[in-house]
Asks: 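Got a structure here, written out as structure tokens. Questions coming.
The figures that follow rest on heavy atoms only: side chains count, while hydrogens, waters and symmetry mates do not.
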Amino acid sequence: LACGGEMAPAFASAAERRAAAHAAITALDGPLSVHRKLDVRCRRSHHVAAVYEADGALVYSATVGPHGHGSRYRHARHRR
């Protein structure tokens with residue numbers, strides 16, 4: 001759901017959703033922290049993702065990489 005309870009536009013594929021989210025976040029003016037609405041953390045307080053407001057819609061961004069634990073969170077020691 002987008003802000004205001006409206007449905008977000010439908011995308012044909014996950015790749016289109018990722019591209020739209022990347023474009024929306026890239027287009028934001030100023031530091032991302034100004035647009036951040038929510039930080040998502042695991043129960044061990046690792047940063048997992050953030051939610052930003054971009055063009056009146058909420059955009060979810062997971063951090064993936066050596067320090068990210070977002071969409072590919074696989075640390076077995078954190079699963080219980």
Asks: Going by side-chain contact (heavy atoms from CB on, under 4.5 Å), name the residues that satisfy it together with L32, two or more places apart in sequence or in a different chain.
Replies: I25, L28, Y52

Asks: How long is the straight-line distance from NZ of K37 back to CG of L58, given to the nearest 0.5 Å?
Replies: 8.5 Å

Asks: Taking only residues two or more places apart in sequence, or in another chain, which ones meet D39 in a salt bridge (Lys or Arg N to Asp or Glu O under 4.0 Å)?
Replies: R36

Asks: How many angstroms lie between atom CG of D55 and atom NE2 of H35, to the nearest 0.5 angstrom?
Replies: 10.0 Å

Asks: Under the side-chain contact (heavy atoms from CB on, under 4.5 Å) rule, collect the residues that match up with A14, sequence neighbours excluded.
Replies: R17, R18

Asks: Where is the tightest heavy-atom contact between V59 and A24, given as atom of each residue plus distance?
Replies: CG2-CB, 4.1 Å

Asks: For A62 versus A49, what's the shortest heavy-atom pair and its separation?
Replies: CA-CB, 3.9 Å

Asks: Minimum heavy-atom separation for R41 to H47, with atom names?
Replies: NH1-N, 3.6 Å

